[in-house]
Amino acid sequence: MEVLFDSLGLSEEILKAVTEMGFTKPSPIQAEAIPSLLEGRDVLGQAQTGTGKTAAFGIPALEKVDISDKRTQVLMLCPTRELAVQVTEELRRIAKYKKGLKLETVYGGDSIERQIRSLKIGAQIVVGTPGRVMDLIERKALKLDFVNYVVLDEADEMLDMGFREDIDTILESVPDERQTVLFSATMSKPIMGIAQKFQEDPVQIKITRKEVTNENIEQTYFEVKQRGKIEVTCRVLDAYDLKQVIIFCNTKRKVDEVTEELSSKGYSVESLHGDLRQTQRNQVMAKFRSGAANILVATDVAARGIDVSGIDAVINFDLPLDEEYYVHRIGRTGRAGLTGKALTLVAKDEKYRLRQIETYTKVKIDKGVIPTFEDIVGVRKARFISQVEEAVSTGDLDLYEDMLGMLHHTTGFTTEQIVAALVKINMGVQKSEFADNDLAWDADRDRRPSERGFEKRGRFEDRGGRGEERGSGRFGDRGGDRGGDRGPKRNEPGMVRLFVSVGRKDRVQPRDIVGAIAGEAGIPGRVIGSIDIFDAYSFVDVPERDARKVVEAMSGNTIKGKMVNIEVAR
Ligand code: ADP
Ligand code: MG
């Protein structure tokens with residue numbers, strides 16, 4: 001039998017809001033949890049990211065809260081600021097027609113004074129991280145005496161982050177007469193311990209994997225040599241025209257490596273791993289959400305619970321060690337009725353794990369064909385054609401209409417030659433270090449050394465004679481080499497060279513500079529040119545027209561936590 005929202009006995013205000021949000025029917029966890037919570041039961045739920053937990057615990061909370069009473073009645077604990085903000089935003093949308101409701105989000109890294117002032121005015125629902133909630137309790141700014149509904153969201157993650165004691169203390173300060181909701185992706189012993197200690201006869205809900213393995217996610221794997229993985233990643237990004245992508249790696253080290261490689265190829269990429277401070281995490285996520293970075297490279301734990309809509313694809317750079325993680329990972333795409341792709345790069349020694357995942361998820365993952373260099377050129381050509389169409393149809397070409405004549409006249413080349421040259425300049429396809437047949441598993445037996453490099457040496461082969469560059473990014477390629485082993489040199493035409501007062505000794509990397517400039521000045525990362533990093537300072541090329549904006553935006557700002565001074569280089 002199909003459950004609809006209007007059969008759950010919700011108020012008009014809530015029904016209207018969720019309908020507007022495009023929720024037609026409750027997700028499995030919502031269908032199970034909402035009625036029990038409305039009845040006043042405790043709930044212990046195991047469910048993965050993307051199953052709709054927020055509304056599952058949020059809707060009953062909103063139904064129960066007494067608007068006429070300003071005191072805090074609901075407390076929701078989340079592992080990170082990011083998740084706390086996400087939960088609050090979702091609740092605000094659901095509570096759109098509930099007038100008089102006040103929600104407050106509290107987390108570290110933001111002014112505690114401001115949070116104290118807001119709490120003084122009164123908030124019926126408080127969403128926060130355990131650490132900051134503790135601080136606010138100690139400062140007597142947050143009173144839990146009237147709380148009758150507590151939520152522990154992503155409880156396993158909170159334990160992983162070392163919040164066990166805080167959680168205990170907080171729950172002990174909430175009156176016993178209350179409902180306790182506990183959601184966790186995994187049900188470990190410590191989680192069961194918390195449930196036993198703080199819940200009363202909870203209704204247990206487990207959303208099985210079948211329900212989480214999304215049908216609208218197209219799953220494909222590629223048999224690829226370990227050392228070909230970066231190249232295949234680039235090709236896949238290009239061939240599928242992916243705009244918002246999460247790449248998962250098993251370790252922090254791999255995250256760093258992949259981030260570095262992609263960023264040196266000109267992709268706009270950010271990384272997320274366990275070592276980042278909260279403020280850094282927030283910056284990274286803000287860039288990814290806003291599209292200032294198209295690619296997020298992350299470990300499983302760091303990306304837990306993050307809900308970004310509109311992710312085209314998840315790439316498994318490594319195969320996850322745990323089948324459950326695979327399900328988690330791919331659940332980031334194909335959200336809210338959209339379709340998504342899950343692309344998995346499988347080295348030979350990972351093949352058995354792929355089989356394990358297939359057995360576990362009961363889904364057959366299709367084998368994909370690695371896009372060839374020609375495929376990539378084809379994709380770029382098609383994209384170029386549509387760009388030309390668009391440019392012609394939007395008009396405003398008067399200034400340039402005499403160009404073909406001028407080119408003919410001054411160079412003596414044929415129209416074909418001129419167009420080919422323009423396309424080459426514009427497409428920026430670079431030859432790859434890898435031969436197509438050097439990427440897949442059983443490639444390099446019987447090959448002569450002379451066959452290294454691209455067999456198909458066409459017009460798009462080379463770019464400016466820098467033979468070592470390969471597989472450029474569709475997010476534009478950088479005009480120069482990355483890295484700091486050369487002296488400062490002349491900037492390229494149309495670009496201005498800026499001096500940046502941080503360098504290698506500040507552990508600054510090109511992507512930090514690109515990230516900071518793109519994020520702060522609001523210019524796309526791809527227009528930023530070469531970067532040279534020296535011990536104590538760096539140089540970066542930016543387009544002439546953006547130079548002032550960059551200097552102004554960066555003044556008083558930090559890169560990698562260090563105050564920077566940026567000025568036009570002399
Ligand atoms: P979780 O906390 O389990 O990871 P969220 O509560 O963040 O999941 O929900 C994931 C996404 O699904 C959100 O964008 C949310 O708005 C959407 N969503 C939740 N419930 C429904 C529903 N019943 N129908 C359609 N979309 C939903
Ligand atoms: Mg959530």
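Counting starts at 1 for both ligands and their atoms, in listed order. FYI, the numbering just counts along the sequence from 1. The figures that follow rest on heavy atoms only: side chains count, while hydrogens, waters and symmetry mates do not.
Contact analysis puts K25 in contact with ligand 1, with a non-hydrogen atom separation below 4.0 angstrom. Close to ligand 1: F5, with a non-hydrogen atom less than 4.0 angstrom away.
Taking the ring centre of Y107 as origin, the terminal cationic atom of R132 falls outside the region bounded by 6.0 Å and 45° from the ring axis. Geometric assessment of K229 against the ring of F317 yields a positive cation-pi assignment under the 6.0 Å and 45° thresholds.
Any N or O atom pair closer than 3.5 Å counts here, and E90 shares at least one such pair with ligand 1. At a 3.5 angstrom cut-off on N or O pairs, G22 does not count as close to ligand 1.
The list of side chain to side chain donor-acceptor pair (under 3.5 Å) pairs with a residue in residues 53-64, not counting sequence neighbours, reads S11-E63, K64-Q179.
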**OP:** Step by step, work out the side-chain contact (heavy atoms from CB on, under 4.5 Å) result for I315 and L237.
**Re:** CA-CA 9 Å; I315 297 178; L237 290 168; 4.1 Å; yes

**OP:** Could you walk me through whether E358 and R355 pass salt bridge (Lys or Arg N to Asp or Glu O under 4.0 Å), step by step?
**Re:** CA-CA 5 Å; E358 287 185 327; R355 295 286 160 252; 2.6 Å; yes

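Nearest-residue assignment for atom 18 (N) of ligand 1 (options F57, F23, F183; heavy-atom criterion): F23. The closest non-hydrogen atom to atom 3 (O) of ligand 1, taken over Q86, K53, E154, comes from K53.
Residue contact check: S27 has heavy atoms under 4.0 Å from atoms 23 (N) of ligand 1.
Of all heavy-atom pairs spanning Q199 and V43, the tightest one is NE2-O, 2.9 Å.
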